Amino acid sequence: MEWIQQLINGISLGSIYALIALGYTMVYGIIKLINFAHGEVFMIGAFVGFYAIAGWGLGFFPALLLAMAVCAIFGVLIERIAYRRLRNATRIAALITAIGLSLLIQYVVIYFRGAQPEAYPDALSNKTFDLFGVQISSQSILILSVSIVLMILLQFIVHRTKIGKAMRAVSHDMDAARLMGINVNTTISATFAIGSALAGAAGVFFGVYYTKIEPLMGIIPGLKAFVAAVLGGIGIIPGAMVGGLVLGVVETIVSALGYSLWRDAAAFIILILILLFRPSGIFGKNAREKV
Amino acid sequence: GCGGEKAGTEGSKDSGGGGDTIKIGANLELSGAVASYGQGIAEGIDLAVEEINNSGGVDGKKIEIIKVDNKSDAAEATNAAIKLTNQDKVTAIIGAATSGNSVAQAQIANDNKTILLSPSGTSPNVTVGTNGKVNEFVFRTSFIDPFQGTVAANFAAGDLNIKNAAIYADNASDYAKGLAASFKETFEAAGGKVVSEESYVAKDTDFRSTLTRIKSANPEFIFIPGYYEEVGLIIKQAREMGITVPFMGADGWDSPILVDLAGAEALNNTFLTNHYSAQDPDETIQKFVTSFSKKYSGKSPDAFNALGYDSVYFLVDAMKRAGDTSDATKIKDALAETKDLSLVTGVVTVDEFHNPIKSATVLEHKDGKQVFKSKVNP
Amino acid sequence: MLKVDQLDVFYGNIHALKGVSLDVQEGEIVTLIGANGAGKSTLLKTLSGLLKPKNGTIQYLSNTIAGKPAQEIVKAGISHVPEGRRVFSNMTVEENLELGAFLRKDSKEIQKDIQKVYTTFPRLLERRKQLSGTLSGGEQQMLAMGRAIMAKPKLLLLDEPSMGLAPLMVKTIFEIIEDINRGGTTILLVEQNAHMALSVANRAYVIETGRVTVSGTAAELQASEEIKNAYLGGH
Amino acid sequence: MGSMPLLQVRNTGIQFGGLKAVSNVNMEIHRGELIGLIGPNGAGKTTCFNLLTGVYVPTEGSIEFDGQKLNGLAPYQVTRKGISRTFQNIRLFNELSVLDNVKVAYHSLAKHSIISSILRLPSHFSGEKEMEEKSIEFLKIFNLDKYKDEAAKNLPYGQQRRLEIARALAAGPRLLLLDEPAAGMNPQETHELMELIAFVRKKFDLTILLIEHDMNLVMGICERIYVLDHGQLIAQGTPEDIRNHPKVIEAYLGEEVTNSHA
Amino acid sequence: MKKVKGFWLFLILSIVLYVTVQLLINAGILNQFYSNTLIFIGINIILAVSLHLVIGITGQFSIGHAGFLAVGAYISAIFTMKLQLPFPIAILVGGIIAALAGLIVGIPSLRLKGDYLAIATLGFAEIIRIVFLNIDYVGGAAGMQVSHLTNWTYTFICLFITIVVIMNFTNSRHGRACISVRENEIAADAMGINTVYYKVIAFALGSFFAGIAGGLYAHNFYIIQPTNFGFLKSFDILIYVVLGGLGSLSGAVISAILLTLVSTFLQDYPETRMIIYSLVLVIVMLYRPQGLMGTREITDIFGKWKSVKSVKGGS
Ligand SMILES: Nc1ncnc2c1ncn2[C@@H]1O[C@H](COP(=O)(O)OP(=O)(O)OP(=O)(O)O)[C@@H](O)[C@H]1O
Ligand SMILES: Nc1ncnc2c1ncn2[C@@H]1O[C@H](COP(=O)(O)OP(=O)(O)OP(=O)(O)O)[C@@H](O)[C@H]1O
Ligand SMILES: [Mg+2]
Ligand SMILES: [Mg+2]
């Protein structure tokens with residue numbers, strides 16, 4: 001029984017990672033940028049949701065939508081101001097900018113509201129179901145379903161819609177995409193808008209589920225989500241989902257065995273092992289450069 | 001924000017020289033992983049300094065706080081301490097929030113004959129070096145870990161009559177580890193049994209898997225030394241999982257946010273040891289609580305706020321008794337002789353290891369309020 | 001149809017095109033020849049909006065298009081097959097073709113045109129589900145052409161379409177070029193294979209180090225000794 | 001000599017997923033020969049080169065060079081055995097200077113160790129000096145010495161192709177593989193290239209296998225030609241044989257090319 | 001010939017620098033604050049230059065350099081504090097063990113590329129950190145108290161050796177082999193370069209010097225704790241390298257100096273410190289994405305002045 005419980009614990013944890021990883025992987029998939037600021041967009045989303053619920057008394061879903069909208073705009077602004085200039089620069093320059101930006105956002109938020117944590121109001125009722133001694137909370141079921149739905153939605157957008165095709169074209173060759181009549185800037189903005197809205201949503205869900213939010217809350221989940229995305233094969237949307245779940249379950253199992261202090265180490269060891277056998281992640285095609 | 005209160009301190013900077021101001025450094029975790037602790041202390045310091053300066057300062061001299069950010073990093077803390085001692089030539093440094101960052105400065109304080117007063121560094125190592133010698137110039141405002149652990153264990157075994165306890169400690173903090181160790185020792189000495197020992201790491205958010213383990217060990221009581229940020233989540237998740245036994249912790253729990261994080265209901269049947277209680281009707285405490293929430297737009301002070309605040313008064317008291325505001329050697333002697341000094345976090349007497357002997361308070365949470373349970377003297 | 005006047009283009013401070021002027025009439029095939037690094041590709045990239053000129057005007061139909069973003073130029077009917085093929089390597093052949101028709105809305109027609117491309121290049125039909133990055137060079141060239149045709153351009157800019165192609169394929173490609181042209185598409189063709197280029201073109205320009213040095217009808221240039229020696233391997 | 005071929009390819013092939021890109025290829029190349037490898041686009045020519053140089057491991061057959069098996073060797077090991085190549089799409093070390101591009105290729109022929117370089121022992125200086133001199137020699141042959149300090153990426157296209165050949169030579173090959181060396185060159189430049197290939201072949205006593213679509217070049221300098229189509233050898237022989245080989249005409253040359261226009 | 005002269009010039013300048021600073025310290029003109037800042041700069045330069053070899057020269061995207069710093073710091077601290085061995089030996093052993101760790105981390109680099117390698121190295125660094133966190137022998141989370149043994153002389157000697165070794169390595173056939181791996185691995189392989197070997201060498205050498213820096217670090221800051229070596233520390237080092245200009249040793253040196261100074265200076269502005277620091281970072285990257293020096297070295301700039309005419313004439 002305990003083990004089934006642990007598995008369920010792992011899946012709930014993993015679906016949070018997956019939720020953040022989806023946006024991460026999407027942005028990466030299109031512009032090959034490790035958007036370290038994704039974790040900060042997630043944090044902003046959590047705070048917007050918080051102020052909306054606690055400050056203005058909005059309900060959960062209006063607050064969720066508001067957070068997603070604000071984050072979408074925020075993400076687009078980040079791209080516009082910081083990343084667009086670096087389209088033709090090295091990827092590592094863009095990465096450093098992303099790191100700088102992520103610090104900047106953290107500390108601007110701290111400057112205005114301090115570093116102390118905030119407790120999320122109970123905006124979404126939580127019931128715990130007891131199935132044969134195994135507890136499942138309604139929130140974790142909700143989060144898992146939301147991430148699965150979003151994964152399917154994203155996969156659909158990227159592979160079946162026109163904007164999705166444009167995104168993929170842009171991801172392979174921007175100039176060639178222009179020559180197809182694709183507006184590269186709009187496409188990338190759309191990518192950031194969607195990815196950031198997802199991060200915002202994840203922020204609100206995280207807040208409700210874990211209660212505690214603070215300005216540095218994006219760092220660790222951001223990193224974990226990135227690991228999850230890589231684990232699944234970065235850029236591949238179902239990969240983010242699976243990577244998130246694998247990571248969540250691995251971490252939980254390690255804790256369940258009593259090695260909670262080694263949990264993160266175990267997560268990274270699994271990551272490295274998987275990469276050694278599948279250098280492009282679980283779903284990644286090992287597309288070797290054609291010589 | 002904390003931009004407003006700077007004006008007061010900077011005003012005196014202009015009047016220049018070491019002559020008519022007392023320079024005190026604040027070497028704190030204002031950014032980085034534990035920025036919230038450092039910032040909490042800074043708020044307390046600012047309030048105290050404002051009060052003292054408004055009422056004429058110390059011996060007619062105003063206090064000037066030179067705040068430096070150590071980014072929650074020991075190396076930066078060292079750098080900052082060197083800067084404060086060598087460049088700013090402060091008489092004393094208040095800091096840091098964590099034991100590690102305090103230890104990082106201890107040697108520098110001794111070498112430069114500058115007072116180091118750690119507001120919340122609770123590890124015994126802060127004031128006593130590895131060689132077992134007391135760091136001459138280093139003091140602290142908080143009591144040390146073993147004391148609180150002992151109090152908690154006695155309370156569990158005695159007042160609650162617990163036989164089987166579990167310990168769930170924050171492994172990233174020596175504070176929590178110290179508490180866990182002294183709790184275990186005392187508890188077992190009192191005939192109890194520790195049936196499960198688990199750890200987590202600060203900044204974790206999901207504790208369900210370990211709680212599942214603890215639950216299956218069937219303890220009657222769970223001791224959780226750690227900070228409120230995680231403890232709130234642990235209690236919330238534990239109650240959700242149907243763990244109904246009492247929990248207990250220490251001063252790291254003390255924050256109004258704990259109630260918000262865990263939820264008032266989940267917090268019922270939990271206890272903590274603390275330096276003080278904001279609910280304590282004691283006059284000093286209530287005066288502090290009122291002026292704190294006045295200055296910080298209604299915020300209720302937590303332990304870090306209180307310790308930061310007390311650190312200033314602790315230091316100022318010694319300066320007054322030393323009759324000198326700039327001679328660190330005299331001040332450290334005065335600090336070492338502190339006796340029955342009444343502060344917000346308790347009545348302080350400094351022992352031979354430069355640790356304050358203070359009473360601890362045991363509090364119980366009832367419907368989101370801390371209720372005074374008992375006071376334990378060392 | 002297209003009139004380029006006094007065009008100056010820079011890469012940073014490299015002056016790649018120096019006052020280039022030329023024109024293309026509706027229905028023509030015009031070819032640009034010139035040595036490596038002369039600036040031919042630069043000119044095409046400027047025409048299709050990938051590069052912004054510093055000075056000069058580009059008149060297309062009745063609009064000036066100099067400096068306009070590429071997607072608007074495509075919309076106006078100019079399609080560019082870039083140097084080095086630039087197919088979307090992680091997408092299938094078919095997806096590449098569909099992208100060629102990105103701005104078109106007539107999905108039935110698009111399907112028909114895809115079939116047409118497959119008839120022109122049967123090899124692409126064989127590989128329609130293969131990722132285009134794993135195609136051979138020649139196959140990729142076919143795909144790039146096919147993709148550009150999918151946009152139904154009025155003016156097609158071709159940058160070295162015969163590069164790396166097997167002789168039979170070169171012939172095919174040139175036949176296709178003439179075919180497309182007969183279908184009403186005007187073509188501006190950049191070629192190293194001046195021989196073939198001149199044989200299909202109506203007129204030609206020679207570019208040397210960023211300047212147009214010679215221009216005339218294809219026949220004139222084919223006859224010129226100078227051109228023969230420099231570009232046709234006249235020995 | 002005569003008896004043992006320098007390169008012996010036996011029934012070699014490779015499969016990508018379901019696609020047999022190359023299969024059942026047999027080749028025999030003797031010392032000093034200059035051989036052409038032609039075939040329609042996608043026939044598997046470049047893939048053949050990749051098999052020969054260890055980039056791909058053959059899924060069938062064997063490759064022997066100078067009597068030694070090459071199967072399974074890493075590309076750098078193959079190069080050290082004496083096979084070097086150029087690439088269909090130029091792969092220079094873009095940020096490195098022209099001279100350094102060549103020096104890199106000369107690397108495995110130099111002997112000074114890491115320790116000697118770090119400690120700047122005499123062997124380092126002599127080794128580096130030798131590398132520099134030799135590399136400049138190669139550049140001179142290709143008329144590139146005046147660009148020696150220029151970054152490779154700044155060279156015009158034609159020069160880049162030549163630099164690739166110079167670099168391949170500096171690796172000290174006995175067998176040189178050239179993948180479409182004349183691509184993107186105009187006839188005049190192609191002509192110069194042909195002369196250059198003939199020159200280095202003689203000077204370095206090389207065996208050369210080249211892929212090219214420019215029939216003037218192939219027919220002009222190759223002694224023997226192999227023709228691939230759909231991964232299979234469909235013909236081999238002298239240029240004259242190939243020019244008139246019906247299968248080759250059908251799959252590759254087309255009708256008119258036979259009555260060459262050059 | 002020219003290079004040899006440059007070397008002697010470098011040597012003389014270095015000695016002058018060392019002696020001047022030492023004299024100023026002895027004379028008390030440079031107080032502990034300044035000398036400590038110099039030492040901190042020195043340590044950061046060693047870190048930057050060692051990572052420069054891995055990323056800038058060999059093109060291996062490693063973002064876990066703090067892991068090797070940690071190994072060097074802990075191992076050397078164990079040697080001085082627990083085993084009572086002399087400081088220089090401790091530094092050296094710290095470097096060697098870190099190099100061994102580098103060898104291990106180098107292994108995935110044989111199979112992983114780009115971002116996948118990056119996350120793997122970051123993972124390794126975290127694993128190393130967590131290992132130290134869980135070893136009570138080195139104090140676990142509380143960390144280990146370490147005597148203050150680092151001084152200007154030790155720092156300078158280590159710094160000098162680091163720069164000379166990495167410079168000499170880079171300017172040799174071995175360094176060129178590494179650069180060729182960075183530029184085009186397939187072509188490098190085809191030119192007979194054992195790319196695997198050079199990637200591993202770069203990792204090992206880079207880690208060795210990071211370990212050396214760790215020894216100095218541990219004995220300069222009185223205490224080491226696992227939290228000092230988190231991934232943000234790795235990012236700091238990465239930032240030095242990228243901000244200076246990938247592939248430029250002098251760039252790495254300059255940016256390590258500048259950023260350490262900026263950071264020290266900003267200690268006085270705690271509320272806005274990180275905001276300003278990150279703004280500086282973002283703005284520099286936006287306006288100079290190739291880094292301060294690009295791929296050039298200081299010497300190139302002097303060289304360019306001299307040869308500007310000939311280049312212009314040539315084209
Ligand atoms: N991205 C670039 N950055 C800097 N200079 C460039 C760039 N692209 C081209 N150039 C330079 O501009 C000039 C013209 O180049 P362009 O590519 O237009 O020549 P081309 O005539 O197409 O030659 P080729 O036959 O080799 O394709 C050349 O000197 C080239 O070196
Ligand atoms: N890595 C790979 N994965 C899948 N298919 C491949 C791969 N490499 C090559 N191919 C396929 O193998 C076939 C042969 O390709 P190759 O590049 O050898 O052709 P080629 O003869 O060099 O043609 P070209 O003259 O156009 O360069 C092509 O159909 C190509 O799609
Ligand atoms: Mg061109
Ligand atoms: Mg090929």
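Here is the naming used below: chain letters follow the sequence lines, and residue numbers restart at 1 for every chain. Values in this document were obtained by computation on a predicted structure and should not be read as measured data.
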Participant: Given heavy-atom pairs under 4.5 angstrom as the criterion, report whether the side chain, backbone, both or neither of E:Asn134 touches chain B.
Facilitator: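 Side chain only.
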Participant: I need the minimum non-hydrogen distance between B:Lys71 and E:Ser263, along with the two atoms involved.
Facilitator: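 That would be NZ-OG, 3.6 Å.
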Participant: Can you tell me how far the CG atom of B:Asn79 sits from the CG atom of E:Asn36, to the nearest 0.5 Å?
Facilitator: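 Between B:Asn79 CG and E:Asn36 CG, I get 5.0 Å after rounding to 0.5 Å.
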Participant: To the nearest 0.5 Å, what is the distance between CG on B:Leu30 and CE on E:Met274?
Facilitator: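 It comes to 11.5 Å.
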Participant: Surrounding CD of B:Glu185 (heavy atoms of other residues, nucleotides or ligands, distance under 6.0 Å), is the total greater than 12?
Facilitator: no
Participant: If we define contacts as heavy-atom pairs under 4.5 Å, which of E:Tyr217, E:Tyr222, E:Phe40 has the most with chain B?
Facilitator: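 Going by pairs under 4.5 Å, I would pick E:Tyr222.
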Participant: So, do B:Thr78 and E:Asn220 sit near enough that their side-chain heavy atoms are less than 4.5 Å apart?
Facilitator: no
Participant: Checking E:Thr272 against chain B: side chain, backbone, both or neither under 4.5 Å from a heavy atom?
Facilitator: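 When you check distances to chain B, no heavy atom of E:Thr272 falls under 4.5 Å.
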Participant: Would you give the length of the straight line joining atom CG of B:Asp73 to atom NZ of E:Lys233, rounded to the nearest 0.5 angstrom?
Facilitator: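 The distance works out to 6.0 Å.
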Participant: Just to be sure I understand the criterion: a residue of residues 80-95 of chain B counts if one of its heavy atoms is under 4.5 Å from a heavy atom of chain E. Which ones qualify?
Facilitator: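 Checking residues 80-95 of chain B against chain E gives B:Ala80, B:Ile82, B:Lys83, B:Asn86, B:Gln87.
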Participant: Can you tell which of E:Gln145, E:Gln32, E:Met81 has the highest number of heavy-atom pairs within less than 4.5 Å of chain B?
Facilitator: E:Gln32
Participant: Quick one: what part of B:Gln105 sits under 4.5 Å from any heavy atom of chain E, side chain, backbone, both or neither?
Facilitator: neither
Participant: Flag yes if more than 12 heavy atoms outside E:Tyr34 fall under 6.0 Å of its OH atom; otherwise flag no.
Facilitator: no
Participant: Quick check: under 4.5 Å, non-hydrogen atoms only, which of residues 118-125 of chain B neighbour chain E?
Facilitator: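 Checking residues 118-125 of chain B against chain E gives B:Asn125.
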